[in-house]
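To keep things clear, I will list the structure first and then write my remarks on it.
We count ligands from 1, going down the list as the structure has it; atoms in each ligand are counted the same way.
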Amino acid sequence: MHSKLVVLGGGPGGYAAAFLAADEGLEVTLVEAESRLGGTCLLRGCIPSKALLHVARVVSEVRELRRDWGIEFGAAQIDLGMLRARKEKVIANLSGGLKQLAKRRNVRVIQARGVFENSTTLRLDGDHESIPAERQLTFEQCVIATGSLPAMPANFQIGSPRVMDSTGALALEDIPGSLLVVGGGYIGLEMGSVYASLGTKVSVVELTDTLLPGADRDLVAPLQRHLKHLFEERIFLGTKVGSLGERNGVIEVAFEGPNKFGTERYDRVLVAVGRRPNSRDLGLEHTQVQLDSRGFIRCDKQQRTTDPHLLAIGDVAGEPMLAHKASHEAKVAVETVQGHASSFDKAAIPAVVFTDPEIAWAGLTQDQAARDGRTVEVAVYPWLASGRAHAIGRTEGFTKWLIDPTTHRVLGCGIVGAGAGELIAEAVLAIEMGCEIQDITESVHPHPTLSETLMNAGELYLGHAVEFYKPKKA
Ligand code: FAD
Ligand code: NAD
């Protein structure tokens, strides 16, 4: 079997590449090991976690109604089977949609594990009927989109189902009495919030001295205050877990300090200490592809690897390991295959942590500016001055712009607060378009919305914010 273009992996990088290439009239074969399209993001990542976080948010809003507004709905009754079924239905609907879209576009989908025999041949492992009898697929070009896998340090691999990775946590087998989350990053805080809102006593242990080490400290502070309350003070920063062991149906965890010592017992442990690129066992040693020291496939801005027949996109092609970065790289890869002078050169790839409050940032961060010795002006608008934030009882957030003091161009944006993930899109557009801060302040924003805070922060910078007094800029 031969195909002009093969895409290996059917996640948000791979299916986007296959569909876009088919739309351009290319003959495409998509090879995916699993029975459903969607990859990590749809089957065990972004979508199921956001479905559960939706439930967590509603539960916490109901609690706020009771505490702040005098409205009582009674204690939550959780039907775990129904909760799981609803999450599975969301996944099934979306992956069924992808199957239909592949069919309508004439993308040939083979359910097999692809392994490179050389730079233009994949061996197809598996027993699905879509695999051709010769078990080989040759191609002119192949886009590698095999994604990433949870990292599980060797000392945590004790063979107990009570020690879970993100996939295990999303399976929601039960609502454990207690859960230790190892790793205070995206997954740890999102899934920790889900379990805490369902009634589990959650603790978090993080190796560095801060939650979400990749985000600016000021953005993390309001979230950390909220999580301290949600996790009842059980956040152990700068702390190492020495060993795990199972005894009598609980996990014993030895903490090695410096901020917590001794042994504690937990019903379950979620290990969320990062992900590793899925580049092993692909037969890449039979090609000219080179990996970096962390196992990411080396590629240029056109998504070309060091092998002229192979391109790479998504998590396997480098950080940030985010679905929207994977699907944008898919667009670039397809344009490269067609011979266009396209390149992945983005000023702003948004990052969103879907906790409560949410944290979102795009473009330059204050940490990055400090590391680069770059002078920036920072305009911060506290949501305490926002009518909408007061109306919904969420005044803990703020919106900040990083601005070039000479050109007044917006270089970066950070938002913490309810719905920050939706609000950041305006900042992405502004940064990519090279807007000056006046472009934001001269655009009329709807009132009363939290989107106004992007305009208000700019007005504060220019010295004409209505709800704030700050001396005018010369
Ligand atoms: P993947 O989605 O990992 O897809 C790779 C596919 O390749 C898989 O389907 C796999 O079966 C297939 N494959 C691998 N090897 C082979 C082979 N040899 N042969 C055939 N097929 C193969 N990102 C966000 O942007 N927003 C979020 O909110 C978000 N939430 C997340 C929550 C969790 C719990 C997790 C784990 C991740 C989350 N992510 C989120 C990250 C996001 O899921 C990834 O960045 C994204 O899925 C990467 O897409 P990809 O196409 O590169 O790879
Ligand atoms: P992460 O890199 O976000 O966080 C891992 C955390 O674990 C870090 O803070 C790190 O310092 C800490 N850590 C590492 N080793 C440790 C140890 N031995 N003990 C204690 N702490 C340790 O990784 P993640 O949370 O596993 O998520 C993986 C990736 O998936 C993310 O980087 C992101 O790219 C993607 N993701 C994105 C979203 C989103 O966009 N909302 C959600 C989930 C996952």
Query - Any Ala272 heavy atom less than 4.0 Å from ligand 2 - result: yes
Query raised in the report: Hey, is Ala112 one of the residues with a heavy atom under 4.0 angstrom from ligand 1?
Result: yes
Requested in this report: Please determine if Glu264 and Arg234 form a salt bridge, counting it only when a charged side-chain N lies under 4.0 Å from a carboxylate O.
Outcome: no
Report task. Report the member of Arg275, Glu190, Lys50, Glu32 with the shortest heavy-atom distance to atom 30 (N) of ligand 1. Result -> Lys50
Query raised in the report: Is there at least one pair of N or O atoms, one from Val182 and one from ligand 2, spaced under 3.5 Å apart?
Result: no
Query raised in the report: In ligand 2, which numbered atoms sit nearer than 4.0 Å to a non-hydrogen atom of Val352?
Result: 39 (C), 40 (O), 41 (N)
Query - Within-4.5 Å side-chain heavy-atom neighbours: Val194 and Ser49 - result: no
Requested in this report: Before giving the answer on salt bridge (charged side-chain N to carboxylate O under 4.0 Å, His left out), spell out for Glu319 and Lys325 the whole-Å C-alpha distance, their side-chain angles and the decisive distance to 0.1 Å.
Outcome: CA-CA 9 Å; Glu319 294 193 301; Lys325 179 253 189 188; over 6 Å; no
Query - Distance-only donor-acceptor check, side chains Ser342 and His340, under 3.5 Å - result: no
Query raised in the report: What atoms of ligand 2 come within less than 4.0 Å of a heavy atom belonging to Phe354?
Result: 41 (N)
Query raised in the report: In ligand 2, which numbered atoms sit nearer than 4.0 Å to a non-hydrogen atom of Thr208?
Result: 11 (O)
Report summary line: Met321 heavy atoms within 4.0 Å reach ligand 2 at atoms 33 (C), 34 (O), 35 (C)
Query raised in the report: Backbone or side chain, does any N or O of Ile187 fall under 3.5 Å from an N or O of ligand 2?
Result: yes
Report task. Show which atoms of ligand 2 fall inside a sub-4.0 Å distance from at least one heavy-atom site of Arg275. Result -> 28 (C), 29 (C), 30 (O)
Report summary line: Among Ala151, Cys46, Ser166, Gly274, closest by heavy atom to atom 26 (O) of ligand 2 is Gly274
Requested in this report: Could you tell me whether Glu335 and Lys331 make a salt bridge, using a distance below 4.0 angstrom between a side-chain N and a carboxylate O?
Outcome: no
Report summary line: Heavy-atom proximity to atom 46 (C) of ligand 1 ranks first, among Ala326, Ala312, Pro12, Gly14, for Pro12
Requested in this report: Using distance alone, decide if ligand 2 has a nitrogen or oxygen within less than 3.5 Å of any nitrogen or oxygen in Tyr186.
Outcome: yes
Report task. Using modelled atom types only, decide if a donor and an acceptor are shared between the side chain of Asn278 and the backbone of Thr146 within a distance under 3.5 Å. Result -> yes
Query raised in the report: With backbone taken as N, CA, C and O and side chain as the heavy atoms from C-beta onward, which portion of Leu212 lies under 4.0 Å from ligand 2: side chain, backbone, both, or neither?
Result: neither
Query raised in the report: Backbone, side chain, both or neither: what part of Glu190 comes under 4.0 angstrom of ligand 2, heavy atoms only?
Result: side chain
Query raised in the report: Salt-bridged, Glu246 to Arg162, with N to O below 4.0 Å?
Result: yes
Report task. Using the side-chain contact (heavy atoms from CB on, under 4.5 Å) rule, pick out the option among Leu42, Leu170, Leu172 that qualifies with Pro48. Result -> Leu170
Query - Identity and distance of the protein heavy atom lying nearest atom 29 (C) of ligand 1 - result: Cys46 SG, 3.3 Å
Query raised in the report: At a non-hydrogen distance cut-off of under 4.0 Å, which region of Val241 contacts ligand 2 (side chain, backbone, both, or neither)?
Result: neither
Query raised in the report: Any non-hydrogen atom of Pro320 lying under 4.0 Å from ligand 2?
Result: no
Query - Side-chain donor/acceptor of Thr305 to backbone N/O of Leu310, under 3.5 Å - result: yes
Requested in this report: Begin with the C-alpha distance, continue with both residues' side-chain angles, and end with the deciding distance and a verdict on ring pair (Phe, Tyr, Trp, His ring centres under 6.0 Å) for Phe139 and His309.
Outcome: CA-CA 9 Å; Phe139 52 82; His309 293 281; 7.4 Å; no
